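Some notes on the structure that comes next.
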Amino acid sequence: MWNLSPRFAKLGSDFFSYTNPTALTDNPRLIHLNHELIKKLDLTQTTESEWLAIISGQTPVTNYLPLASVYMGHQFGVPVPQLGDGRALLIAEHVANDGQIWEMQLKGAGKTPYSRFADGRAVLRSSIREYLASQALNKLGIPTTLAGGIITSDDAVYRENAEPAAIVLRAAPSFLRFGHFEYFARHNKLSQLQQLSEFCCCHYFPTIDVKSPDFISDFLEQVCARTARLIAHWQAVGFVHGVMNTDNMSILGLTIDYGPFSFMDKFAPEQIFNHSDSEGRYVYARQPMIAWWNLYRLADALVKLYPHPEKLESILAKYADYYNRDYLELMTAKLGLSTANSETDLPLIDELLPLLQQSQVDWTWFWRRLSDGSSGRLQIAAQYPHLDLNNWYQKLDQRYQQEPLTAAQRREQMLAHNPAIILRSHLLQSAIIRAESGDYAELAKLFTVISSPYQELPEFADYYRLPPAWATQISLSCSS
Ligand code: AMP
Ligand code: MG
């Protein structure tokens, strides 16, 4: 049952514009529902036809006025002073039975006051990408906004060609971005900036005392810590976001706004996946640094409330410590170590990565095979004959000798930290091509497979294999 508890909506009209969805009306149909999420939200009484009506924008959630929020952003390093939810609408703030309040958004439900020259729509292919990726990251244990359902219709959306439209229902405790804070600072609306900062700390960072004179620096520190954790997760799993503009950075450290993202197949830290990013600003290798740059922009906004730039600088400097700690923890878990020692283990990781890069080794496959001990090493040698890891294995085995874990325990740990499947581009592409012809079975199957990424199920054996040669031809842009 819906149990509404407006909080964001109470911030007032400086923060958003009430905007109704523009429904997709030409034969709208439900493609998929995330039943696990619906259960978590205690919304199982809503029927499939009611979900279709809600997600297509036909029927509003009773007693909630949909709204689009205003924010700004640094896009590819350049400030854009006025952005906002251009094609997203907050359609409910719902309390689950456990007390957790969820913001629920439609993405692709038509124009808003922040749409600028665009149409407020989302095409089917990019909506499927967001829908499946949200599930994939969530099940890999990576903080992300969640997706509850996806619908499509015969309404056409014009990009390079006419394409089918779609709408995704997504959910998160908050969709606040760095750009929300930047917006009020940039436009000198300092009381609103204060209000937003207090709102955010009260609801999402409850250990922060907003009455404390240093609450802004505490706030920045917690955002630095969460962002560092998020990026460490991305690096460990080989996820490239593709458009890390400050308007795409969640204040809660969630993965948000899936556009031209990629899960890496071959380990290629400098590879540009987003063709709109001609300079490679957002490649894998640069993500940790870009996150720090983005945190700097957030600090630039917050300093207007807390004129102690040196204090905020010292907090920003801690980002590297948080990141290095989390990265080491996640990578040593992948290596099968039960303890992390930066002096011995970082060099071990740093020695491995260039070897994987040189031999164009598949990131996910490598780690999964490495989990299998000597038989896995044989498979790696057979697959990549030019990859000479003998020296490195010797060092790894020496390190294992200092460990309390038995070989069986180590294998168990490694299999729990090295997924058998990530949402590879070719798997996504196959599901999209089928869906564009009206067949959603592959999408549903892929949703199921990525929902258990650490478990290899014999019936899904095809999904765990190395990608086919055509996977390297898949090209992505910001168009969505
Ligand atoms: P993105 O790069 O997808 O994060 O989008 C940047 C900004 O453009 C955000 O404010 C979006 O809401 C807006 N935007 C992107 N695509 C559209 C669209 N088709 N219609 C309206 N606004 C859009
Ligand atoms: Mg965005």
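Note: hydrogens, waters and symmetry copies are ignored here, and every other heavy atom, side chains too, is used. Counting starts at 1 for both ligands and their atoms, following the listed order. None of these values were measured; they are calculated from a predicted model.
Ring to ring, Y71 and Y114 are not that close: their centroids are 6.0 angstrom or more apart. Here F181 and F219 bring their ring centres to under 6.0 angstrom of each other. Checked against the 6.0 Å centroid criterion, the rings of F184 and H180 do not qualify as a close aromatic pair.
Summarising the local packing, CD of E279 is surrounded by 12 or fewer heavy atoms from other residues, nucleotides or ligands at distances under 6.0 Å. Environment of NZ in K40: sparse, with no more than 12 heavy atoms of neighbouring residues, nucleotides or ligands closer than 6.0 Å. Counting heavy atoms of neighbouring residues, nucleotides and ligands inside a 6.0 Å radius, atom NZ of K111 does not exceed 12 of them. Atom CD of E36 is surrounded by 12 or fewer heavy atoms from other residues, nucleotides or ligands within 6.0 Å.
By the 3.5 Å distance cut-off applied to N or O atoms, G120 is counted among the residues near ligand 1. Note: an N/O pair closer than 3.5 Å links G86 and ligand 1 by distance alone. Ligand 1 has an N or O atom lying under 3.5 Å from an N or O atom of D119, backbone or side chain. Checking only distances, A118 never comes within under 3.5 Å of ligand 1, N or O to N or O. For the pair N248 and ligand 1, the shortest N or O to N or O distance falls below 3.5 Å. Note: no N/O pair closer than 3.5 Å links Y114 and ligand 1 by distance alone.
Listed by number with element, the atoms of ligand 1 under 4.0 Å from a non-hydrogen atom of D257 are 4 (O). Below 4.0 Å from some heavy atom of Q75 lie the following atoms of ligand 1, by number and element: 6 (C).
Using a 4.0 Å cut-off between charged nitrogen and carboxylate oxygen, D362 and R424 count as a salt-bridge pair. Salt bridge absent: R170 and E103 never bring a charged side-chain N and a carboxylate O closer than 4.0 Å. The residues E182 and R297 are annotated as not salt-bridged, no charged nitrogen and carboxylate oxygen being separated by less than 4.0 angstrom.
Proximity of R159 to ligand 1, defined as any heavy-atom pair under 4.0 Å, is confined to the side chain (atoms from C-beta onward). Contacts between R121 and ligand 1, counted as non-hydrogen atom pairs separated by less than 4.0 Å, involve the backbone only.
Distance remark: protein heavy atom present below 4.0 angstrom from atom 19 (N) of ligand 1.
In summary, the side chains of Y284 and Q271 do not present any donor paired with an acceptor at a separation below 3.5 Å, with no hydrogens or angles considered.
Shortest contact from atom 16 (N) of ligand 1 to any protein heavy atom: R87 NE, 3.2 Å.
A heavy-atom distance below 4.5 Å is not found between the side chains of F263 and W363.
Comparing R177, M72, R116 against atom 13 (C) of ligand 1, the shortest heavy-atom distance belongs to R116.
Separation of atoms CD1 (I315) and OH (Y306) is listed at 7.5 Å; rounding is to 0.5 Å.
Note on ligand 1: G84 sits in its first shell, one or more heavy atoms being nearer than 4.0 Å.
By the criterion of a separation under 2.8 Å, the protein N/O/S atoms near the Mg ion (ligand 2) amount to N248 OD1, D257 OD2.
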